[in-house]
A.B. asks: 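I have a structure I would like to understand better, so I am pasting it below and will then ask my questions one at a time.
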Amino acid sequence: MIDSRSPEGLADYSSWRARDYFETYYSEVVLPDEQAVLAYQLDVMRRAGARFGRALEYGCGPTLHRAIAAAAYAFRIDMADWLADNLVFVREWLAQAGGESDWSRFTRFILGCEGAPADDPARTARREAQARKAIRGLYVSDARWHDPLGPERRGFYDLIVSGFCLDAVSSDRGVWRACMQNVLSMLAPGGTIVMHALHECTAYKVGARMFPGAGLTVDAMAEALLENGATRASLDIQVIPCPDNAVYGYSGILTASARKQPAP
Ligand SMILES: C[S@@+](CC[C@H](N)C(=O)[O-])C[C@H]1O[C@@H](n2cnc3c(N)ncnc32)[C@H](O)[C@@H]1O
């Protein structure tokens, strides 16, 4: 058994299996911590008061739920992840080819948060069609790169959503700070960031493997967001306890949002 607090024995992403990840976290129910972060993302997007032009989901993995949530609030959504294998999962769902993953449970949850009746298959299908239409580019990208999607995407996105990615790149806090700088450089002046991370987690479980966590705290998140242009007034950071997930290597979720300073 691997000690989840030890950096030794951590897997690297060459051994990542998209299916293992989907099975571990997304195949059965909308877990309580996931309910909380999805509701948080929806609330931030709704409170923005106007539809975002260009959105990016950074570090999507093999998941669609954050993009399905964003689809009613953004005209165009790009998605990026380091592993092509993850993007294959996403592409299959987009192609409606009866791919390996079913996200309708999440879509129903999202619609429920927005006040729709609990079970309305036509509405669920419409929201998923809206997501399929809004999602445009799928990009392989490394958050450790200076311009993770190339220099032309600097200051490009009005909304960036990133769930449990940047803190999962490495257990080295310095790497996480560099990734924050690189990804936040893609946010336009006045743009909104929604970010979720594992709270004080140094290793999280996928299948039988443990992957790295940067062990983030509220203070580290606040500092990094402010350093990268977030306004202090817009900053919101919360810790959602999830003691039942200790078995996966974490007992809390950090969820954060902020707006970047507007152009002078
Ligand atoms: C815990 S998963 C999160 C997936 C999804 N966003 C979610 O909320 O379930 C971490 C993701 O980070 C991606 N990742 C790891 N290293 C990366 C890097 N250097 N650059 C970009 N993405 C990376 C992995 O491929 C994986 O999809």
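Numbering of ligands and ligand atoms starts at 1, following listing order. Bear in mind that the values here come from a model prediction, so they are computed numbers and not experimental data.
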A.B. asks: For atom 11 (C) of ligand 1, which candidate among Asp12, Val183, Asp81 holds the nearest heavy atom?
C.D. replies: Asp81
A.B. asks: Would you say Tyr204 contacts ligand 1, with heavy atoms under 4.0 Å as the rule?
C.D. replies: yes
A.B. asks: Who else is in Trp145's hydrophobic cluster (ILVMFWY, side-chain heavy atoms under 4.5 Å, direct or via others)?
C.D. replies: none
A.B. asks: Does Arg66 come within less than 4.0 angstrom of ligand 1, counting non-hydrogen atoms of the residue?
C.D. replies: yes
A.B. asks: Which residue supplies the protein heavy atom nearest to atom 23 (C) of ligand 1, what is that atom called, and how far is it?
C.D. replies: Trp82 CB, 3.5 Å
A.B. asks: Check if Tyr25 has a non-hydrogen atom at a distance under 4.0 Å from any atom of ligand 1.
C.D. replies: no
A.B. asks: Looking only at protein heavy atoms, identify the closest one to atom 4 (C) of ligand 1 and say how far it is in Å.
C.D. replies: Gly59 O, 3.5 Å
A.B. asks: Are His65 and Tyr26 close enough that their ring centres sit under 6.0 Å apart?
C.D. replies: yes
A.B. asks: Less than 4.0 Å between a side-chain N and a carboxylate O, is that true for Glu23 and Arg17?
C.D. replies: no
A.B. asks: Not counting sequence neighbours, which residues clear side-chain hydrogen bond (donor to acceptor under 3.5 Å, both in side chains) with Tyr250? List them please.
C.D. replies: Asn245
A.B. asks: From the options Asp167, Asp142, Asn182, select the one whose nearest heavy atom is closest to atom 18 (C) of ligand 1.
C.D. replies: Asp142
A.B. asks: Could you check if a side-chain atom of Tyr25 sits within less than 4.5 angstrom of a side-chain atom of Tyr204, using non-hydrogen atoms only?
C.D. replies: yes
A.B. asks: Which protein heavy atom lies closest to atom 20 (N) of ligand 1, and at what distance to 0.1 Å?
C.D. replies: Ala143 N, 2.9 Å
A.B. asks: Tell me which protein heavy atom sits closest to atom 5 (C) of ligand 1, plus the residue, atom name and distance to 0.1 Å.
C.D. replies: Cys60 O, 3.2 Å
A.B. asks: Just need the protein heavy atom nearest to atom 10 (C) of ligand 1, so name the residue and atom and give the distance.
C.D. replies: Phe164 O, 3.3 Å
A.B. asks: Within the structure, does Tyr26 bring an N/O atom to less than 3.5 angstrom of an N/O atom in ligand 1?
C.D. replies: yes
A.B. asks: Looking at ligand 1, does any of its N/O atoms fall within less than 3.5 Å of an N/O of Pro62?
C.D. replies: no
A.B. asks: Against heavy atoms of Arg144, which atoms of ligand 1 measure under 4.0 Å?
C.D. replies: 19 (N)
A.B. asks: Got a second to check how far Cys179's SG is from Asp172's CG, nearest 0.5 Å?
C.D. replies: 9.5 Å
A.B. asks: For ligand 1, which atoms have a heavy atom of Ser141 less than 4.0 angstrom away?
C.D. replies: 20 (N), 21 (C)
A.B. asks: Considering only non-hydrogen protein atoms, determine which one is nearest to atom 12 (O) of ligand 1 and report residue, atom name and distance to 0.1 Å.
C.D. replies: Cys165 SG, 3.4 Å
